[in-house]
There are 2 protein chains.
Amino acid sequence: MYICVMYSSELIKGTLKTIVLNLLKDHGKMYGYEITQKVKDLTQDKIQITEGALYPTLHALEEHGDLTVEKVYIGRRVRKYYLLTDQGMETRSERVNELADFMKTMRFLLDLDVAKGHV
Amino acid sequence: MYICVMYSSELIKGTLKTIVLNLLKDHGKMYGYEITQKVKDLTQDKIQITEGALYPTLHALEEHGDLTVEKVYIGRRVRKYYLLTDQGMETRSERVNELADFMKTMRFLLDLDVAKGHV
DNA sequence: AAATATACATAAGAATATTATGTATATCCA
DNA sequence: TGGATATACATAATATTCTTATGTATATTT
């Protein structure tokens with residue numbers, strides 16, 4: 001009912017790891033560029049993950065033991081597939097649950113549960 | 001059904017202004033310390049706004065023209081009541097709508113709309 | 001009288017994003 | 001066949017927004 005614009009960047013902040021972990025659970029192994037495109041598609045361009053945010057995040061998740069990497073060469077170009085570890089599955093659950101609970105709290109705090117037209 | 005713990009700080013990031021603006025719409029003029037307590041109460045300690053985050057935010061909102069201030073002395077102690085301006089009302093609407101839409105997108109992205117037990 | 005609560009404020013540091021830049025290969029199409 | 005665009009990785013400089021620590025001061029409770 002209104003024009004779709006990207007969300008202001010503050011909102012996405014803090015949810016990137018959760019998005020990545022959940023996507024990997026749903027779609028199996030994925031590579032960085034694929035993740036950015038999948039999120040863009042699934043959200044109709046509302047959430048666009050920048051590479052400058054994604055790659056450091058993937059490296060951090062790997063270092064934390066949540067992801068493992070598989071290098072694959074497509075022709076001469078390297079592609080790094082990321083997979084959830086067992087620990088990554090746990091981290092995902094915790095983060096998704098926490099985010100779900102947080103959003104519930106926010107809906108209450110902002111009176112979004114009552115039916116209303118445009119606020 | 002599970003123990004309530006404070007949310008990890010990344011999540012709150014980006015929603016503080018929205019919370020403050022919305023609270024002022026619901027409760028009229030409020031002062032900083034009152035805002036921290038009200039949010040703490042309403043969320044059963046799940047969201048605790050720190051003073052280091054709140055006061056700079058209030059100053060920023062004031063500078064942006066969203067809030068005006070009324071100084072009141074309680075005995076010798078100063079208390080600064082903040083009120084929404086007309087522009088603040090608009091900013092609030094925009095931010096609440098954006099956050100509501102963002103949360104809807106996140107629920108879709110994280111498959112939270114389907115009924116399920118503990119994830 | 002001491003501890004806690006109220007009430008403001010700012011500075012140093014951490015976390016996490018954006019923007020810009022860099023490197024390189026692959027594909028489309030005119 | 002050559003230029004634009006897409007694919008695919010990466011990092012550095014910068015911005016934003018928080019936490020934690022610190023500072024000042026008054027009021028209330030025990």
Side-chain angles (χ1 to χ4, degrees), chain A residues 5-21 29-41 45-64 66-67 69-82 95 98-99 102 106, chain B residues 5-21 29-41 45-64 67 69-82 95 99 102 106:
Chain A
V5 190
M6 251 193 78
Y7 301 121
S8 54
S9 56
E10 314 94 71
L11 291 181
I12 288 91
K13 205 166 274 196
T15 62
L16 181 54
K17 279 182 185 165
T18 311
I19 290 173
V20 169
L21 291 170
K29 66 180 182 182
M30 296 179 83
Y31 54 99
Y33 187 79
E34 188 184 11
I35 292 173
T36 63
Q37 299 307 306
K38 183 60 94 178
V39 171
K40 197 165 173 284
D41 287 353
D45 298 12
K46 286 183 189 172
I47 297 180
Q48 294 186 33
I49 299 178
T50 60
E51 297 173 296
L54 181 63
Y55 291 118
T57 293
L58 288 171
H59 302 160
L61 285 171
E62 188 194 351
E63 196 169 5
H64 187 257
D66 290 319
L67 304 181
V69 188
E70 266 178 28
K71 276 192 190 179
V72 175
Y73 280 87
I74 307 297
R76 284 179 191 172
R77 196 157 54 191
V78 75
R79 187 184 278 177
K80 291 169 81 173
Y81 280 98
Y82 288 91
R95 281 188 170 266
E98 190 189 25
L99 183 54
F102 174 71
M106 285 302 294
Chain B
V5 189
M6 250 195 78
Y7 302 121
S8 56
S9 55
E10 313 94 71
L11 290 182
I12 289 89
K13 205 166 273 194
T15 61
L16 180 54
K17 278 183 186 166
T18 312
I19 291 173
V20 169
L21 291 171
K29 65 181 183 182
M30 295 179 84
Y31 55 98
Y33 187 78
E34 187 184 11
I35 292 173
T36 64
Q37 299 308 305
K38 182 61 94 179
V39 171
K40 197 165 174 282
D41 287 353
D45 297 14
K46 286 184 187 170
I47 298 180
Q48 293 184 33
I49 299 178
T50 59
E51 297 174 294
L54 181 63
Y55 291 117
T57 294
L58 288 172
H59 301 161
L61 286 171
E62 189 194 349
E63 197 168 6
H64 188 257
L67 305 181
V69 189
E70 267 178 28
K71 276 192 191 178
V72 175
Y73 279 86
I74 307 298
R76 285 178 191 172
R77 196 157 56 194
V78 74
R79 188 184 278 176
K80 291 168 82 175
Y81 280 99
Y82 287 91
R95 281 189 170 267
L99 182 54
F102 174 70
M106 285 302 295

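Note on naming: letters A, B, ... go to the chains in the order of the sequence lines (proteins, then strands), and numbering restarts at 1 for each one.
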Subject >> salt bridge (charged side-chain N to carboxylate O under 4.0 Å, His left out) between Glu70(B) and Lys29(B), worked out >> reply: CA-CA 9 Å; Glu70(B) 267 178 28; Lys29(B) 65 181 183 182; 3.5 Å; yes
Original post:
Can you list the residues that meet the ring pair (Phe, Tyr, Trp, His ring centres under 6.0 Å) rule with Tyr31(B), with sequence neighbours excluded?
Top reply: Tyr81(B)
Subject >> Where Glu51(B) and Pro56(B) come nearest, the two heavy atoms and their spacing >> reply: O-CD, 3.8 Å
**OP:** Take atom CG of Asp41(A) and atom C1' of dT7(D), then tell me their distance rounded to the nearest Å.
**Re:** 15 Å
Subject >> Under 3.5 Å donor-acceptor, His59(A) side chain and Tyr55(A) backbone >> reply: yes
Original post:
Atom OH of Tyr33(A) and atom P of dA26(C): how far apart are they, to the nearest Å?
Top reply: 15 Å
**OP:** Tell me which residues in residues 74-81 of chain B put a heavy atom below 4.0 Å from DNA chain C, sorted by number, or none.
**Re:** Arg77(B), Val78(B), Arg79(B), Lys80(B)
**OP:** Identify, residue by residue, the members of residues 49-59 of chain B with a heavy atom below 4.0 Å from DNA chain D, and return them in order of residue number, or none.
**Re:** Thr50(B), Gly52(B), Ala53(B), Thr57(B)
Original post:
Which whole-number value in Å describes the distance from Tyr73(B) OH to dT6(C) C1'?
Top reply: 15 Å
Subject >> Side chains of Tyr82(A) and Val20(A) in contact at under 4.5 Å (non-hydrogen atoms) >> reply: no
Subject >> Rounded distance in Å - CD (Glu70(B)) to P (dA7(C)) >> reply: 16 Å
Subject >> Residue Lys17(B), side-chain atoms from C-beta onward, closest of dA8(D), dA10(D), dT17(D) >> reply: dT17(D)
Original post:
To the nearest Å, how far apart are Gln37(B) CD and dA5(C) C1'?
Top reply: 9 Å
**OP:** For Tyr31(A) and dT25(C), give me the distance from atom OH to atom C1', rounded to whole Å.
**Re:** 14 Å
Original post:
Rounded to whole angstroms, how far apart are CD on Glu34(A) and C1' on dA6(D)?
Top reply: 15 Å
Subject >> Shortest non-hydrogen contact from Ile49(A) toward Ile19(A) >> reply: CD1-CG2, 4.5 Å
Subject >> Side-chain heavy-atom pair Ile47(B), Lys40(B) within 4.5 angstrom cut-off >> reply: no
Original post:
Under a 4.5 Å cut-off applied to non-hydrogen side-chain atoms, are Thr36(B) and Gln48(B) in contact?
Top reply: no
Original post:
Can you find a heavy atom in the side chain of Leu58(B) that is under 4.5 Å from one in the side chain of Ile35(B)?
Top reply: yes
